[in-house]
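Source: prediction; values computed, not measured.
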Amino acid sequence: MDSTAALPQPQYATHDVTNQPPPLAPYDASDDPALLEGLRREGAEWAEQGIRRLGVRAGSAQAQEWGELANRHEPELRSHDRYGNRIDEVDFHPSWHHLMRTAVAEGLAGAAWADDRPGAHVARTAGGLVWGHTESGHGCPTSMTYAAVPALRATPELAKVYEPLLTSREYDPELRVPTEKPGLLAGMGMTEKQGGSDVRTNTTAATPTAEPGVYTLRGHKWFTSAPMCDVFLVLAQAPGGLSCFLVPRVLPDGSRNTFRIQRLKDKLGNRSNASSEPEFDSTVAWLVGPEGRGVKTIIEMVNCTRLDCVMNSATLMRKTLVEAGHHVRHRSAFGARLVDQPLMRNVLADLALESEAATTLTLRLAGAADRAVRGDEQERAFRRIATAVGKYWVTKRGPAFTAEALECLGGNGYVEDSGMPRHYREAPLLSIWEGSGNVNALDVLRALAREPGAADALFGELAHARGADARLDATVTRLKTELAETDQAGARRLVERMALALQASLLVRYAPTAVADAFCATRIGGDWGYAFGTLPAGAGLDAILERALPGGN
């Protein structure tokens, strides 16, 4: 007789899983009225079909998995090969390469500079706003590649050789002679440990060789992302002062340039992307622009990457709002769906206002960049000041936004499987990268003092909304007074007011009444609390959520 027959049989299913949302993917990352309207308004309506296609791909289960795997399996440094030869290479998970290949093919690296159509730079930004729903780390090398092109044009001989490769849509991760590859990626090495953003304290030395325009570098860079790029724009001290140089990883004769990766940074977020400390020792470099004009030469690169910081913060806001909206539509508590509960609707609507304002400003900045490239001096002046304003404010809002969106998922949002912790860790980077909040606030003061027409361009933009909202009109009047009185200690306060006035003016002109009125009432009218979810009575929550949440509310 079987002695186990009378024993209770194991029950492997202890309960049914209920009251949990289904997977979000697949979804359409381009299903965002603010994005599509801005795309059309800023001159890139011709790109809409491609953006919609890319949005579906970004929200696919496959692409979402690529983002998760690229961050779970972090890049690994291989300083030497098995035989002891120094190689200084970084290995990435295949998912990283899938993400990069798509991004480059879709024109999110340098391709916009080779596209003569008006709105090409807007289309690239819109593409980043949807493809960024996958993950943020691989946006670093694509952003730097995009930004390298205008800086490289300071030396036409170099631009003639490398620009066609930097604007290519071909991704080739192998290290070999740059001119023998179908496409290139560019990185940037500006900061050093003793100075950070104060790049004029750099000690990396550039020594001229007998060959005109060719130097050798010696020094140590503190934070150089994407070390597997093909070429880098680097700042170093030449005899004539701080200068900009192009450093290839592989020299024209096929030998490795000296680019010793001392270590990879152990970062809070952005973990799919390798950030490194390279050491230069007789490293061959080519001068870009005149000696002593390194900051002026590379500032065009910084302006481009600052725009991408705004773009990536807006993308994180939209991504986490979509995640929060999906959760609350499928989760019930206390007898009702979360999305139907008034307080949750207030939180979501408040987040939706912030997200739309960030997206609308991002696309306006991209439009200014596009028109500035095509010779519009008014837009150039507006871009100069407004990009720094947007970089300061939108990236500052990112961490608070992602934390609130995470909280909409409750404890589920605090678990790595949800993806929300990854987004939360990513958010602070965008305020730090390309100048911290203080650096950008001071840059706004510098632009106001030194850039002819910067203030006029800003107020000219705000004037387009004059008379549409009394609260906005009062804010602009106050802003003009503060502009003449603000010193360095008040820079953040001034730039914050500039950013809110700019966002409000755009929403008053282009967004539905419910969105514009609620934004003006809260952000500039003062009828708001200190946390998200404090919209006043009558704020039009239903209309805001109907617009913001894909598939209705």
Side-chain angles (χ1 to χ4, degrees), residues 77-81 84-90 141 144-145 147-148 151-152 154-155 157-159 161-162 165-166 174-181 184-195 199-265 274-295 297-298 301:
L77 172 64
R78 287 192 298 128
S79 59
H80 297 76
D81 67 14
N85 300 304
R86 186 97 197 201
I87 57 172
D88 298 289
E89 294 190 6
V90 181
M144 292 189 297
T145 302
L152 199 59
T155 300
E157 312 90 80
L158 290 174
V161 174
Y162 291 100
L165 298 170
L166 292 169
E174 298 299 322
L175 272 181
R176 60 178 191 269
V177 176
T179 54
E180 296 177 1
K181 296 181 65 172
L184 302 179
L185 295 175
M188 177 168 54
M190 295 175 62
T191 61
E192 297 181 6
K193 52 184 173 286
Q194 73 279 357
V199 295
R200 294 190 184 279
T201 65
N202 282 5
T203 61
T204 296
T207 303
T209 68
E211 186 177 350
V214 181
Y215 292 66
T216 58
L217 306 186
R218 182 177 177 83
H220 186 125
K221 290 297 177 180
W222 186 237
F223 226 108
T224 298
S225 287
M228 289 302 288
C229 287
D230 301 285
V231 294
F232 292 81
L233 286 175
V234 171
L235 291 178
Q237 298 286 358
L242 189 66
S243 306
C244 182
F245 296 91
L246 184 70
V247 175
R249 283 295 314 265
V250 179
L251 296 171
D253 64 3
S255 63
R256 296 285 182 97
N257 207 1
T258 305
F259 193 97
R260 299 194 185 106
I261 303 174
Q262 303 298 78
R263 61 171 173 167
L264 299 184
K265 299 288 194 180
S275 297
S276 68
E277 292 178 37
E279 185 176 84
F280 303 138
D281 186 8
S282 298
T283 302
V284 176
W286 300 305
L287 182 66
V288 180
E291 265 197 22
R293 304 297 296 276
V295 173
T297 300
I298 212 167
M301 188 172 193

**Message:** Can a donor-acceptor pair be found, under 3.5 Å and without considering hydrogens, that links the side chain of Lys193 to the backbone of His220?
**Reply:** no
Would you be so kind as to tabulate the donor-acceptor pairs closer than 3.5 Å made by side chains of residues 236-248, with sequence neighbours excluded?
from: Gln237; atom 1: OE1; to: Leu242; atom 2: N; distance (Å): 3.3
from: Gln237; atom 1: NE2; to: Arg200; atom 2: O; distance (Å): 3.3
from: Gln237; atom 1: NE2; to: Asn202; atom 2: O; distance (Å): 3.1
from: Ser243; atom 1: OG; to: Gly241; atom 2: O; distance (Å): 2.9
from: Ser243; atom 1: OG; to: Gly292; atom 2: N; distance (Å): 2.8

**Fill in**
Those residues at least two apart in sequence (or on a different chain) that pass side chain to side chain donor-acceptor pair (under 3.5 Å) with Ser282 are none
**Item:** Contact check, side chains of Glu192 and Thr201, non-hydrogen atoms, under 4.5 Å
**Value:** no
**Asked** For the side chain of Thr283 and the backbone of Thr258, is there at least one donor-acceptor N/O pair under 3.5 Å apart?
**Response** yes
**Complete:** d(Thr204 OG1, Met190 CE) to nearest 0.5 Å is 12.5 Å
**Prompt:** Hey, does the side chain of Asn257 reach the backbone of Leu251 with a donor-acceptor pair shorter than 3.5 angstrom?
**Reply:** no
**Request:** List the atom of Leu165, the atom of Pro178, and the distance in Å for their closest heavy-atom pair.
**Result:** CD1-O, 3.6 Å
**Asked** Is there side-chain contact between Phe259 and Asp88, with heavy atoms separated by less than 4.5 Å?
**Response** no
**Fill in**
Heavy-atom closest pair (Ile261 atom, Pro227 atom, distance to 0.1 Å) is CD1-CB, 3.8 Å
**Prompt:** Are side-chain heavy atoms of Glu89 and Asp81 found at a separation under 4.5 Å?
**Reply:** no
**Distance (rounded to the nearest 0.5 Å) between Glu279 CD and Leu217 CG** = 12.0 Å
**Message:** Just so I know, are the side chains of Glu211 and Trp286 near enough to count as touching, which here means a heavy-atom distance under 4.5 Å?
**Reply:** no
**Complete:** salt bridge (Lys or Arg N to Asp or Glu O under 4.0 Å) test vs Glu277 passes for just one of Lys221, Arg260, Arg263, namely Arg263
**Asked** With a 4.5 Å limit on heavy-atom distance, are the side chains of Phe232 and Met144 in contact?
**Response** no
**Prompt:** Short question: side chain of Arg176, backbone of Lys181 - any donor-acceptor pair under 3.5 Å?
**Reply:** no
**Prompt:** Does Thr145 reach the main-chain N or O of Ala186 with its side chain, forming a donor-acceptor pair under 3.5 Å?
**Reply:** yes
**Item:** Heavy-atom closest contact (Thr297 atom, Ala151 atom, distance)
**Value:** O-CB, 3.6 Å
**Request:** Determine whether more than 12 heavy atoms belonging to other residues, nucleotides or ligands lie under 6.0 Å from atom CZ of Arg218.
**Result:** no
**Prompt:** Would you say Thr155 and Leu287 make side-chain contact, with heavy atoms under 4.5 Å?
**Reply:** no
**Item:** From Asn85 atom CG to Ser79 atom OG, the distance as rounded to the nearest 0.5 Å
**Value:** 11.5 Å
**Request:** Report yes if the side chains of Leu175 and Arg256 come closer than 4.5 Å at any heavy-atom pair, otherwise no.
**Result:** yes
**Request:** Indicate the atoms forming the closest heavy-atom contact of Val295 with Leu235, along with that distance.
**Result:** N-CD2, 4.5 Å
**Prompt:** So how far is it from Ile298 CD1 to Leu233 CG, rounded to the nearest 0.5 Å?
**Reply:** 5.5 Å
